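Data first, discussion second: the structure below is written as structure tokens.
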2 protein chains.
Amino acid sequence: MEDGTSPSLSYCGDTDDGYDVRQWDVREDCEVRQILDRIADKWSLLVIALLDQRSLRFTELRRQVDGISQRMLARTLRHLERDGLVSRTVHPSVPPRVDYALTPLGATLHETIRALVTWTETHQQEIAAARAAYDVRAAAEQRQADEEAAARTALARAVLERGGPGPTQDVAGRVPR
Amino acid sequence: MEDGTSPSLSYCGDTDDGYDVRQWDVREDCEVRQILDRIADKWSLLVIALLDQRSLRFTELRRQVDGISQRMLARTLRHLERDGLVSRTVHPSVPPRVDYALTPLGATLHETIRALVTWTETHQQEIAAARAAYDVRAAAEQRQADEEAAARTALARAVLERGGPGPTQDVAGRVPR
DNA sequence: CGGTATCCCCTAAGATACTG
DNA sequence: CAGTATCTTAGGGGATACCG
């Protein structure tokens, strides 16, 4: 076993019905964080989405996920299996055949995840716009900072070379605040 | 800018209405993956949850998140701001004061995330049970494997010491297939 | 075919120190 | 107070090799 959740921490108790961030914060050590880590890792989501269509063999998954290493596929499947999201069926034949399928639990999770995907699709334009705007602002601020730095440098040089400060005006021609 | 999404890849085009995993797989390079990485990273979720209650200053967040480093909080907030999920307001006072708040977009995301949290809360018992069952099975298989290994070792030693194989029966007393 | 074991690299994130 | 800059380390993940 490579990791595996110390049993003493696995249950934190659900205190009440309300939605309290402090509780949430505490629960982070609990389950929410773990499930989130599971579905958010590089491959799990893809595997779940694939298996929601039909059950697949190891090699089929390997081919369809494209880019995943044997090691990571095995790890991902072990994790999903341990959490009860995916079932593993070994057919005792030659060559060996192992089928992976989404459990009912896994299916409900996938359902929930789809809400998130839908949200993303709905708002991707807004996000793209926000990013573009941010990047423009950031670039502008960067230019600004560069100019001021250049001005300071130039002023410092002037002071050193001429043994004293020049007129109260920086290189960019603006008056300092 | 430390990283930041090469512009040429940011839009993949939404081809049709159907839900196709292959498309999804492709879209991974697009937006879904990025948003998922954003909301799934170690701190973003907590910050969003906190800000959904009320706007907070940098240090307030730092205190409430508990465990986050100054560096990571700053990074997390920059990311969320860039994606248009959180707004940053600088009050030009001494000492400086900066307020962070959830944007309307961020609020809708938080709404969606809550579905996931609810799912987790609803199914955490099932997950815990699945893990326990898995661990029991794994432990049993491990014991089994260890026993067989010990048996093989013992048999090998017996062969070496006595110059030939013993009776057709292994140490565990079972007949080989 | 369906894995596990091993090595190794690279980056994300923590600690620390400094700045406007 | 609200950050950025720099250094360092743990572990996620790829490549490879081998087992049942």
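In what follows, chains carry the letters A, B, and so on, assigned in the order in which the sequence lines appear, proteins first and then strands, with residues in each chain numbered from 1. Keep in mind the model is a prediction, meaning the values are calculated, not measured.
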Self-check item: Non-neighbouring partners of T108(B) that pass side-chain hydrogen bond (donor to acceptor under 3.5 Å, both in side chains), sequence neighbours left out
Solution: W119(A)
Quiz item: H91(B) NE2 to dC1(D) C1': how many Å, rounded?
Solution: 14 Å
Exercise. Can you sort out which residues in residues 54-61 of chain A have a heavy atom within less than 4.0 Å of DNA chain C? Ascending by number, please.
Key: R57(A), F58(A), T59(A)
Exercise. Would you mind reading off the bend of the helix from dC1(C)-dG20(D) to dG20(C)-dC1(D) from its two end axes, five pairs each, to 10 degrees?
Key: 40°
Self-check item: Carboxylate-amine/guanidinium proximity below 4.0 Å for R75(B) and D41(B)
Solution: no
Quiz item: Do T59(B) side-chain atoms and R62(B) backbone N/O form a donor-acceptor pair below 3.5 Å?
Solution: no
Self-check item: Rounded interatomic separation in angstrom, taking CG from L77(B) and C1' from dT4(D)
Solution: 14 Å
Self-check item: Whole-Å gap separating C1' (dG11(D)) and CG (D41(A))
Solution: 14 Å
Quiz item: Checking side chain to side chain contact (heavy atoms under 4.5 Å, CB included) against L109(B), which of T103(B), L102(B), I48(B) comes through?
Solution: I48(B)
Practice problem: State which of dG20(C), dG3(D), dT4(C) makes the closest approach to the side chain of A74(A). | Solution: dT4(C)
Quiz prompt | Phosphate contact (dC1(D) OP1 or OP2) by Y100(B) side-chain N/O below 4.0 Å | solution = no
Quiz item: Hey, does the side chain of R75(B) come within less than 4.0 Å of dG3(D)'s phosphate (OP1/OP2), counting only N and O?
Solution: no
Practice problem: Examine distances only and state if a side-chain atom of T120(A) and a backbone atom of L116(A) form a donor-acceptor pair shorter than 3.5 Å. | Solution: yes
Quiz item: Atom NE2 of H79(A) to atom P of dT4(C): distance rounded to whole Å?
Solution: 11 Å
Self-check item: R78(B) vs dT4(D): side-chain N/O to OP1/OP2 distance below 4.0 Å
Solution: yes
Practice problem: Evaluate the side-chain proximity of P96(B) to V90(B): yes if any heavy-atom separation is below 4.5 Å, no if none is. | Solution: no
Exercise. Mind calculating the distance between CG (D99(B)) and C1' (dG3(D)) to the nearest angstrom?
Key: 15 Å
Quiz item: Side chains of R131(B) and Q34(A): do they bring a donor and an acceptor to under 3.5 Å?
Solution: yes
Quiz item: Hey, does R62(B) reach any base, or is it just sugar-phosphate, or nothing, if we go heavy atoms under 4.0 Å?
Solution: nothing
Self-check item: Pairs satisfying salt bridge (charged side-chain N to carboxylate O under 4.0 Å, His left out), at least one member in residues 97-108 of chain A, at least two apart
Solution: R97(A)-D99(A)
Contacts under 3.5 Å, N or O only, protein and nucleotides 14-18 of chain C:
| from | atom 1 | to | atom 2 | distance (Å) |
| --- | --- | --- | --- | --- |
| dG14(C) | OP1 | K42(B) | NZ | 2.9 |

Quiz item: How long is the line joining CZ of R97(B) and P of dG3(D), in whole Å?
Solution: 12 Å
Exercise. Applying salt bridge (Lys or Arg N to Asp or Glu O under 4.0 Å), name anything that partners E60(B), two or more places apart in sequence or on another chain.
Key: R54(B)
Self-check item: Basic-acidic side-chain contact under 4.0 Å: K42(B), D37(A)
Solution: no
Quiz item: When you look at R114(B) and E121(B), which way does the salt bridge (charged side-chain N to carboxylate O under 4.0 Å, His left out) test go after all the steps?
Solution: CA-CA 10 Å; R114(B) 271 151 101 145; E121(B) 288 171 345; over 6 Å; no
